[in-house]
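Below, each value reflects all heavy atoms present in this structure, side chains not excepted, and no hydrogens, waters or symmetry copies.
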Amino acid sequence: MNIWLVMLVGGLLTFGMRFSLIFLFGRFEVPETMRKALHYVPPAVLSAIIFPELLYPSGNLNLSFGNTRLLAGIIAMLVAGYTKNTLLTILAGMAALLILQLI
Amino acid sequence: MSESRSAFWNGVRAEFPLLIGVFPFGMIYGALALNAGLSTLASQLMSSIVFAGSSQFVTAQLVHDAAPGFVIVLTIAVVNLRHMLYSASLAPYLKNLSLKWKTLLSYLLTDEAYAPSILKYEDEGITPFSHWFLLGAGFSLWLTWQISTALGIFLGATIPEEWPLDFALPLTFIAMVVPALKNRPMIAAALSAGLVALLAYGLPFKLGLILAALAGITVGTILEGRKSPKEML
């Protein structure tokens, strides 16, 4: 994989989407269904990354208490829910993982 | 002070509170991109070539997981699709500008530049100088993003390699997702995407990620369609 090619194509696509309707003003409207669907892109994409990261820590399903990443992840979710603070969530999750790995 | 300059600085001022929130985020991105295996140069330049925070984090994660290029590009496209909404929403206010201005402002059109600008335009309408407001908001964010990325890369290089820093990426995603789970369609979208991602984990090329994302988006959209708007709050 060439990371530069990936970034260039990804960047051009991103620019294209930002430019699209400013450029096409009046000639195209965003359909209502797509408008709705876009709200669900962040939770869907990010959860699709989070779940395997926590439940398949080494490539295999691990639902035991020995799965430190799962436990640390759950602690991070609680912190995220209560504080809504990115930095605190990351720090709490990392601290939890480091401590659990010592136990 | 000329009207264009004063509109520009009003944009910078309106952006300022957002810059404070963006700065640590840019630093985290820089540190994690480097840790995920991107070179210093690639980590830094992604912040100006792609210039879209969450898709940069996701790209770092996928590079770390050795996903193939086309899956990364597809994921960047899906994550950044929402920018079409901002483009549609700002289009009537920018319609009289030259192509050069439209191009420049499109490049700078992020979530954080969109938010104060659309409020301003809806509130006060447009004047011959109001595009300078968006330029001020967008450019100050761009500059902050570049500087915070650089600082993050610099600090990231000092973090010992044996630290499990790769875990900070999923933690960042948790911090983004959990506060957004405010209603049932959102929760259902997140859970169904997560479950499909687990079930489709074995698919080649990390295609399970794309499949899972589409499943979550579909579930959320269908559930929202069946709710009355009141329940959405």
Could you have a look at A/Pro43, A/Pro57, A/Ala72 and say which one has the most heavy-atom pairs with chain B under 4.5 angstrom?
-> A/Pro43

Checking B/Ala180 against chain A: side chain, backbone, both or neither under 4.5 Å from a heavy atom?
-> neither

Side chain, backbone, both or neither: which part of B/Tyr201 has a heavy atom under 4.5 Å from chain A?
-> side chain

How close do B/Pro170 and A/Ile50 get, heavy atom to heavy atom, and via which atoms?
-> O-CG1, 4.1 Å

Pick from B/Leu81, B/Thr110, B/Leu90: which one has the most heavy-atom pairs with chain A under 4.5 Å?
-> B/Leu81

Looking only at A/Leu13, A/Leu24, A/Thr14, the option with the highest number of non-hydrogen pairs under 4.5 Å against chain B is A/Thr14

Between A/Leu98, A/Ile49, A/Leu91, A/Val9, which shows the greatest number of heavy-atom pairs under 4.5 Å with chain B?
-> A/Ile49

Smallest separation among heavy atoms of B/Tyr107 and A/Arg18, with atom names = O-NH1, 3.5 Å

Comparing B/Ala193, B/Ala212, B/Gly21 against chain A, the one with the most heavy-atom pairs below 4.5 Å turns out to be B/Ala193

B/Gly208, B/Gly194, B/Ala213: which one forms the most heavy-atom pairs within less than 4.5 Å of chain A?
-> B/Gly194

Can you give each donor-acceptor pair under 3.5 Å made by side-chain atoms of residues 60-78 of chain B, sequence neighbours left out, with the distance rounded to 0.1 Å?
residue: B/Gln61; atom: NE2; partner: A/Glu53; partner atom: OE2; Å: 2.9
residue: B/Gln61; atom: NE2; partner: B/Asp65; partner atom: OD1; Å: 3.3
residue: B/Gln61; atom: NE2; partner: B/Asp65; partner atom: OD2; Å: 3.2
residue: B/Asp65; atom: OD2; partner: B/Lys206; partner atom: NZ; Å: 3.4
residue: B/Thr75; atom: OG1; partner: B/Val71; partner atom: O; Å: 2.6

Considering only heavy atoms, which portion of B/Ile187 lies under 4.5 Å from any heavy atom of chain A: side chain, backbone, both, or neither?
-> neither

What part of B/Ser54 gets closer than 4.5 Å to chain A, counting heavy atoms only: side chain, backbone, both or neither?
-> neither

Please round to the nearest 0.5 Å and tell me the distance separating atom CE of B/Met186 and atom OG of A/Ser47.
-> 10.5 Å

Please name the pair of heavy atoms, one in B/Met84 and one in A/Leu21, separated by the smallest distance, quoted to 0.1 Å.
-> O-CD1, 3.2 Å

Could you tell me the separation between the CE atom of A/Met7 and the CD1 atom of B/Ile49, rounded to the nearest 0.5 Å?
-> 4.0 Å

Is there side-chain contact between A/His39 and B/Ile217, with at least one heavy-atom pair below 4.5 Å?
-> no

Nearest heavy atoms of A/Ala37 and B/Thr221, plus distance in Å = CA-OG1, 3.3 Å

Chain B heavy atoms under 4.5 Å from A/Leu54: which part of the residue, side chain, backbone, both or neither?
-> side chain

Between B/Leu191, B/Ile174, B/Leu108, B/Val178, which shows the greatest number of heavy-atom pairs under 4.5 Å with chain A?
-> B/Ile174

For the pair A/Phe19 and B/Lys102, evaluate side-chain contact (heavy atoms from CB on, under 4.5 Å) and give the outcome as yes or no after the intermediate values.
-> CA-CA 7 Å; A/Phe19 186 59; B/Lys102 284 180 178 171; 4.1 Å; yes

Greatest number of heavy atom pairs closer than 4.5 Å to chain A - which of B/Ala189, B/Ala42, B/Pro179 | B/Ala42

Got a second to check how far A/Phe51's CZ is from B/Phe173's CZ, nearest 0.5 Å?
-> 14.5 Å

Structural part of A/Leu38 lying under 4.5 Å from a heavy atom of chain B | side chain

Main-chain N/O of B/Gly216 paired to A/Tyr40 side chain as donor or acceptor, under 3.5 Å | no

A/Phe23, CZ: over 12 other non-hydrogen atoms inside 6.0 angstrom = no

If one checks every heavy atom of B/Thr103 against chain A at 4.5 Å, the contacting part turns out to be both

Residue selection (most heavy-atom pairs with chain A, distance under 4.5 Å) from B/Ser55, B/Ala52, B/Ser89, B/Ala175 = B/Ala175

Tell me, for B/Leu41 versus chain A, whether the close heavy atoms (under 4.5 Å) come from the side chain, the backbone, both or neither.
-> both

Part of B/Phe51 lying under 4.5 Å from any heavy atom of chain A | both

Examine whether an atom of B/Leu209 lies under 4.5 Å from a heavy atom of chain A, and if so say whether it belongs to the side chain, the backbone or both; otherwise answer neither.
-> both

Between B/Ser106 and A/Phe15 the two heavy atoms that sit nearest each other are CB-CE1, 3.8 Å

Residues in residues 78-90 of chain A that sit under 4.5 Å from chain B, counting heavy atoms only = A/Ala80, A/Gly81, A/Lys84, A/Thr86, A/Leu87, A/Thr89, A/Ile90

So, for B/Leu198 and A/Tyr56, which heavy atoms are closest and what is the spacing to 0.1 Å?
-> O-OH, 2.8 Å

Which bit of A/Val30 comes within less than 4.5 Å of chain B, counting heavy atoms only: side chain, backbone, both or neither?
-> side chain

Name the member of A/Met34, A/Lys36, A/Arg35 that forms the most heavy-atom pairs with chain B at distances under 4.5 Å.
-> A/Lys36

